[in-house]
Amino acid sequence: MCGIVGYTGNRQAAPILLDGLARLEYRGYDSAGLAVRDGDASVRVVKTKGRLRLLAEKTDDGRTLVGTVGIGHTRWATHGEPSELNAHPHVSGNIMDNGVTTDDSEVVGVHNGIIENFAELKTKLISNKYTFYSETDTEVAIKMVDYYYKKYKVGPIDALSKTMVRMRGSYALAVMFKDYPGEIYVARKDAPLIVGVTEGEGFVASDVPALLKYTRQVYYIDNLEMARIVPGEVTFYDLNGDTVKKESTTITWDVEAAEKGGYEHFMIKEIHEQPRALMDTFNSLVKEQKIDLTGAGLDDETIRGIERIHIVACGSAWHVGMASQYVIEDIANIPVRTELASEFRYRKLLLKPSDLVIIISQSGETADSLEALREAKAMGIRTLAIVNVVGSSIAREADNVIYTIAGPEIAVATTKAYSTQLLTMYLLTVQFAFVRGVIDEEQYQYYLSEIKTIPSKVERILENKERLQWFAAKFSAEKDAFFIGRGLDYAICLEGSLKMKEISYIHSEAYAAGELKHGTISLIEPGTLVIGVLTQKHLMEKTVSNLAECKSRGAYLMGLTSNGNYSLEDTADFTFYVPRVDEHFMGSLTVIPLQLMGYYLSISRGLDADKPRNLAKSVTVE
Ligand code: M6R
């Protein structure tokens, strides 16, 4: 997600910070900022919305920010739109109009991650006379550190550890204190943070590429640890403030590999980021065992008034809609129609004022989805956007917005955005069902607890990926593949088939299993690969029969199902099992092996999985 850099030493900090941030640019960001301190003078903070180039221009390539210690940040918005005020660093005092701050700030800091209980902490700080200038959870964290620092008159490490005990969520924090010039303090939970030390210098970064120019010896800060960095030296602490001994690790990757966290492609990195992205998205919408959609402006009265839902999207986002329609109709009893945005925008729309139009989009900029949104709005229909990029056109124009917390997605083939969109739709469904009285408290808690297990189950599937790698290598010369399933499984087949074709260029089709004998089965030849997805108990036998029909015409069968649900082994040539979750949510698990298979097929054919031919990440033309 966001990028953090820090420097303390004998050189001017700002140019080094700008250079470090440039090396983290590939992660995506919407604003950036620096805080630099010159001896014990007040810290100066400069921030900009937009590209790093603007920050470099504003500071004359760092030359106007004099000082040998500083921190920098590139922000990917989660709380609050992309803007100069919301950009990091944040200060504990007040920020001045010219964007250059401030003489009453004890603490200045940058943060990656999400503070889940920021609203509660903010209320506490406001009652203690703190004022806020931004909408960010980061400003809350920095002011919390300041609060403990002053209240207990403790040192930076104690102030940080007291804050860590109060904060829920994930964070990598880099902080400077007015009383400790030349020093940087860092703290970490569930967000990466590394430290490098050279003769007379100290470096901090959220990711290896920012440090490679200076050192290959890095220290990884572990969860709930802190560190104090001074020129040429670093000390690590645990939550009790006791020092921790740590060995450095030698980085052997080149810059390109480092950007991908050691993975060969962004796509496989992003596939592995899914457990975290799913958990972050869950935590952004569920507070104290309750789904909270008030941030999206969906109050109970609005939810009760909805008579029909139209889900409108393109590509994989449309596949999310296809899967969600089964879930919504089954759990919440609301009729749903899922449509391609490019079709929706040109047909006669028979929408009613009590309808809800949900637009799903990772980028928030897809031209057809944006126009479909505008069509619905022009008819006075309520629109809800489910979007990953904060402040994007669809997010700005929709009546209501829910953000997925997938972080920047760089690979053209979506993986973590798809997964977080699907999880968001589950939560929306369960909340709609509960508010409308379709499910009771017990069912509500059951569904919530099932959804909460998805991230760790995805993790388990990822641990088993070698079998799929082997399978993909075996089929890398395949020309055609067919994905079949019924109901929800069919919707997942659509996504599995797209993942395969868009990056491996193997022709593939997804069919509702019962449709095969209406034409497609004539394409099955000896050796044709047919992949069956089977997770819905009441449909399994039927899909197994359809698979058997393909086998009797010579097809090679792969079965994808859940542990202990059903044995496909007699029929399929190769079976892959995923863990179990409530059947409505099985798609979140079965899609993972299909993503992996698409990826491994692509690399076993020697293709660039991140940049498939003819495709763009964001399709801003019709
Ligand atoms: O940014 P969006 O979610 O609106 O993009 C929609 C599609 O263009 C996108 O899902 C596309 O199909 C991907 N290449 C799928 O991997």
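Each ligand, and each atom within it, is numbered from 1 in the order the structure gives. Throughout, residue positions are numbered sequentially from 1 according to the sequence presented.
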| For K452, does the NZ atom have more than 12 heavy-atom neighbours from other residues, nucleotides or ligands under 6.0 Å away? | no
| request: Of all the heavy-atom pairs spanning D299 and T302, show the shortest one and how long it is. | output: OD1-OG1, 2.5 Å
| task | Note the single closest protein heavy atom to atom 14 (N) of ligand 1, along with its residue, its atom name and the distance in Å. | result | E502 OE1, 2.8 Å
| Looking at atom 1 (O) of ligand 1, what's its closest protein heavy atom, distance included? | S363 OG, 2.6 Å
| request: Would you mind checking if R460 and E463 are paired as a salt bridge, meaning a charged N to carboxylate O distance below 4.0 Å? | output: no
| task | Assess H319 for proximity to ligand 1: is some non-hydrogen atom of it under 4.0 Å away? | result | no
| query | Tell me, which protein residue and heavy-atom name are nearest atom 11 (C) of ligand 1, and how many Å apart are they? | reply | S316 N, 4.2 Å
| query | Numbering the atoms of ligand 1 from 1, which are under 4.0 Å from a heavy atom of A413? | reply | 16 (O)
| Would R613 count as a cation-pi partner of Y505, with NZ or CZ less than 6.0 Å from the six-membered ring centre and within 45° of the ring normal? | yes
| message | Regarding D30 and K49, does a basic nitrogen lie under 4.0 Å from an acidic carboxylate oxygen? | response | no
| Which residue holds the protein heavy atom closest to atom 7 (C) of ligand 1, what is that atom called, and what is the gap in Å? | C314 O, 3.7 Å
| query | If you count the atoms of ligand 1 from 1 in the order shown, which ones are under 4.0 Å from a heavy atom of K499? | reply | 15 (C), 16 (O)
| Which of the numbered atoms in ligand 1 are below 4.0 angstrom from a heavy atom of V412? | 13 (C), 14 (N), 16 (O)
| request: Could you list the atoms of ligand 1 found under 4.0 angstrom from a heavy atom of Q362? | output: 1 (O), 2 (P), 3 (O), 4 (O)
| query | Strictly under 6.0 Å, is that where the ring centroids of H584 and Y426 end up? | reply | no
| So Y447 and F585, would you call those rings parallel, tilted or perpendicular, with 30° and 60° as cut-offs? | perpendicular
| request: Determine whether any heavy atom of L615 lies closer than 4.0 Å to an atom of ligand 1. | output: no
| query | Could K269 and Y263 be counted as a cation-pi pair, given that NZ or CZ must be under 6.0 Å from the ring centre and within 45° of the axis? | reply | no
| Does the pair K287/E116 count as a salt bridge with the N-to-O cut at 4.0 Å? | no
| said: How far is atom 5 (O) of ligand 1 from the closest protein heavy atom, and which atom is that? | reply: T366 OG1, 3.5 Å
| Counting both backbone and side chain atoms, is some N or O of S369 under 3.5 Å from an N or O of ligand 1? | no
| Are any of the N/O atoms in T414 less than 3.5 Å from those in ligand 1? | yes
| message | Which residue and atom name correspond to the protein heavy atom nearest atom 8 (O) of ligand 1, and how close is it? | response | V619 CG2, 4.1 Å
